[in-house]
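Worksheet: the structure to be examined is printed underneath.
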Amino acid sequence: MKTKVCIIGGGPSGLLLSQLLDLKGIDTVLLEKRTRDYVLGRIRAGVLEHGFANLLREAQCGDRMDREGEIHEGFFIAHDGVMDRMDLDLHTGGDSVIVYGQTELTRDLYEARERMNGTVIHGVDDVQLHELTSDAPFVTYRDGEDSVRVDCEYVIGADGFHGVSRPSIPADVLREYERVYPFGWLGVLSETKPVSPELIYAKHERGFALCSMRSQVLSRYYIQVPLTDSVDDWSDDMFWEELKRRLPAEVADRMQTGPSIEKSIAPLRSFVAEPMRYGNLFLAGDAAHIVPPTGARGLNSAASDIQYLYRAMVDHYENSDDAGLDAYSEKALARVWKAQRFSWWMTNLLHAFPDAISYDQKLQETDLAYLFSSDNALASMAENYVGLPY
Ligand code: RFL
Ligand code: PHB
């Protein structure tokens, strides 16, 4: 096969870029290891920045999001039996976020790719990247017995944290920065009415909890658990009981419970790989950086990478201008690190750290008390949560 841009990974990053480039007449081939159903079965993000929403509209994929997504102008932080509200609208001068599931937007992107007859190949094995620093890079993969070669001008590594693209960059070029947290999030999806019209982030001595949603009949809840726990350790009853214990009584009392329709544990990790370009390979999204989900930044950071990369590719192909491609890594990383800082800060603010000394706990309490005593602190949190400018 021959194409201009070979994209590895059919998550939101890869799909969005292929859709945007195809709309500009720039030919892409997208290679995804898993089946479409498998990709759509992963329950992940739920909170989108408006910058991301605009990019989805530009990709002609925003209709359902605009119909079914919910605008959220604030969220709650529950602590010490009380609920404090973060008014995003007030503290950002009119900004907000959209609650619309990653599963839904990935489905919208797959459908858009289908409508345009985009080349999306599922079930590829043994993807390998070759000659990345030459003018003629290529990608090979196995399809059953066959070995397939894709010749291209650029390779996009959008294959997530466990993909093959990042490890294709030589170790003496790549720098990795990582923090692994000593806990994970146990998430449950249930066909129940969300306990609150706005998200509740809860800090509790037994551990963090989050009440989120996908719609008015579909709730998404999380609790902090030790890394040693597995999903089998948590029956639905145990989950609901523990979730309620970490919430103010008035919230717990009105919690609707029901059978889980999905239950999974995600370990929390911060990670950045630099640079995000090697020769004609460009990394984007989780392939290059991971955040703990506390600040709802992961998918949104992936979207800002795609926005920079898309504009840079269009400049290259339409105007023979490579300034955007040359600046991509530096520009993307500047925003990525701010999302890292915010996610790290919000994780530290709200979780119970097993090895925290009493001094750390006092500082954590003071951080929260300061937040809700200062309009400047609230404004800082709000501008990060709705997404810093691209
Ligand atoms: P993905 O979604 O991991 O997609 C990568 C794709 O690449 C495929 N792949 C390969 N394909 C071909 N060859 C190979 N060798 C391959 N290896 C892998 C994989 O099968 C996969 O389909 O990365 P992408 O596209 O960069 O998207 C990133 C987002 O998925 C991620 O950042 C977010 O889900 C993070 N996240 C959140 N982000 C937000 O902005 N807001 C949130 O509210 C939010 N909540 C969350 C989250 C992530 C969570 N988990 C489970 C980590 C909540 C959770 C619980
Ligand atoms: C979610 O709904 O899955 C979600 C929402 C907010 C977060 C993390 C996850 O900060």
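Remember, it's a predicted structure, so these values are computed and weren't measured experimentally. The analysis underlying the following values was restricted to heavy atoms, covering all of them including side chains, and did not include hydrogens, waters or symmetry mates. Just so you know, ligand 1 is whichever comes first in the structure, and atom 1 is the first atom listed for that ligand.
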[atom1] ([X]) with more than 12 external heavy atoms under 6.0 Å:
X: Asn319; atom1: CG; result: yes
X: Glu191; atom1: CD; result: no
X: Lys338; atom1: NZ; result: no
X: Glu178; atom1: CD; result: yes
X: Gln361; atom1: CD; result: yes

Does any N/O atom on [X] come nearer than 3.5 Å to any N/O atom on ligand 2?
X: Tyr201; result: yes
X: Ser212; result: yes
X: Pro293; result: yes

Centroid-to-centroid, [X] to [Y], below 6.0 Å?
X: Phe161; Y: Phe271; result: yes
X: Tyr154; Y: His316; result: yes
X: Phe208; Y: Phe183; result: no
X: Phe282; Y: Tyr328; result: yes

### Message
So if I apply the side chain to side chain contact (heavy atoms under 4.5 Å, CB included) rule between Leu368 and each of Leu349, Leu363, Asp84, which one comes out positive?
### Response
Leu349
Region of [X] engaging ligand 1 - heavy atom pairs below 4.0 Å:
X: Ser301; result: neither
X: Tyr222; result: side chain
X: Arg297; result: backbone
X: Leu299; result: both
X: Val291; result: neither

Numbering the atoms of ligand 2 from 1, which are under 4.0 Å from a heavy atom of [X]?
X: Arg44; value: 3 (O)
X: Ala296; value: 7 (C), 10 (O)
X: Leu199; value: 5 (C), 6 (C)
X: Val47; value: 5 (C), 6 (C)
X: Thr294; value: 10 (O)
X: Trp185; value: 8 (C)

Assess, by modelled atom type and distance only, whether the side chains of [X] and [Y] contain a donor and an acceptor separated by less than 3.5 Å.
X: Arg335; Y: Ser304; value: yes
X: His289; Y: Asp305; value: yes
X: Gln364; Y: Thr366; value: no

Is [X] salt-bridged to [Y], cutoff N-O under 4.0 Å?
X: Lys24; Y: Asp22; result: no
X: Lys263; Y: Asp236; result: yes
X: Arg64; Y: Asp108; result: yes
X: Arg254; Y: Glu250; result: yes

Look at [atom] and say which protein heavy atom is nearest, naming residue and atom and giving the distance to 0.1 Å.
atom: atom 3 (O) of ligand 2; result: Tyr222 OH, 2.6 Å
atom: atom 32 (O) of ligand 1; result: Asp286 OD1, 2.7 Å
atom: atom 18 (C) of ligand 1; result: Asp159 O, 3.1 Å
atom: atom 1 (C) of ligand 2; result: Arg214 NH2, 3.4 Å
atom: atom 24 (P) of ligand 1; result: Ser13 OG, 3.3 Å

Proximal candidate to [atom] [heavy atom criterion; set [options]]:
atom: atom 43 (O) of ligand 1; options: Gly46, Gly11, Gly298; answer: Gly46
atom: atom 19 (C) of ligand 1; options: His122, Gln102, Glu32; answer: Glu32
atom: atom 3 (O) of ligand 1; options: His162, Lys33, Arg44; answer: Arg44
atom: atom 42 (C) of ligand 1; options: Ala45, Gly10, Gly184; answer: Ala45
atom: atom 50 (N) of ligand 1; options: Ala284, Ala303, Ala266; answer: Ala266

Which of the ligand 1 atoms, numbered from 1, are nearer than 4.0 Å to a heavy atom of [X]:
X: Gly163; value: 17 (N)
X: Val39; value: 22 (O)
X: Val47; value: 41 (N), 43 (O)
X: Ile8; value: 12 (C), 13 (N)
X: Val164; value: 15 (N)
X: Arg34; value: 20 (O)
X: Arg42; value: 19 (C), 20 (O), 21 (C), 22 (O)
X: Asn300; value: 40 (O)

#### Entry: Check against side chain to side chain donor-acceptor pair (under 3.5 Å), Ser219 and Thr192
CA-CA 6 Å; Ser219 299; Thr192 51; 3.2 Å; yes
### Query
Are Gln102 and ligand 2 in contact, using a heavy-atom cut-off of under 4.0 Å?
no
### Message
Can you tell me if Ile43 contacts ligand 2 (heavy atom of the residue under 4.0 Å from the ligand)?
### Response
no
### Query
Would you call the rings of Phe372 and His79 parallel, tilted or perpendicular if under 30° counts as parallel and over 60° as perpendicular?
parallel
### Task
Determine the interplanar angle of the Trp185 and His351 rings, folded into 0 to 90°, and report it as parallel if under 30°, tilted if 30 to 60°, perpendicular if over 60°.
parallel
### Message
I want to know if ligand 1 touches Gly285 in the polar sense, i.e. an N/O pair below 3.5 angstrom.
### Response
no
### Query
Could an N or O of ligand 1 be found under 3.5 Å from any N or O of Val127, whether backbone or side chain?
no
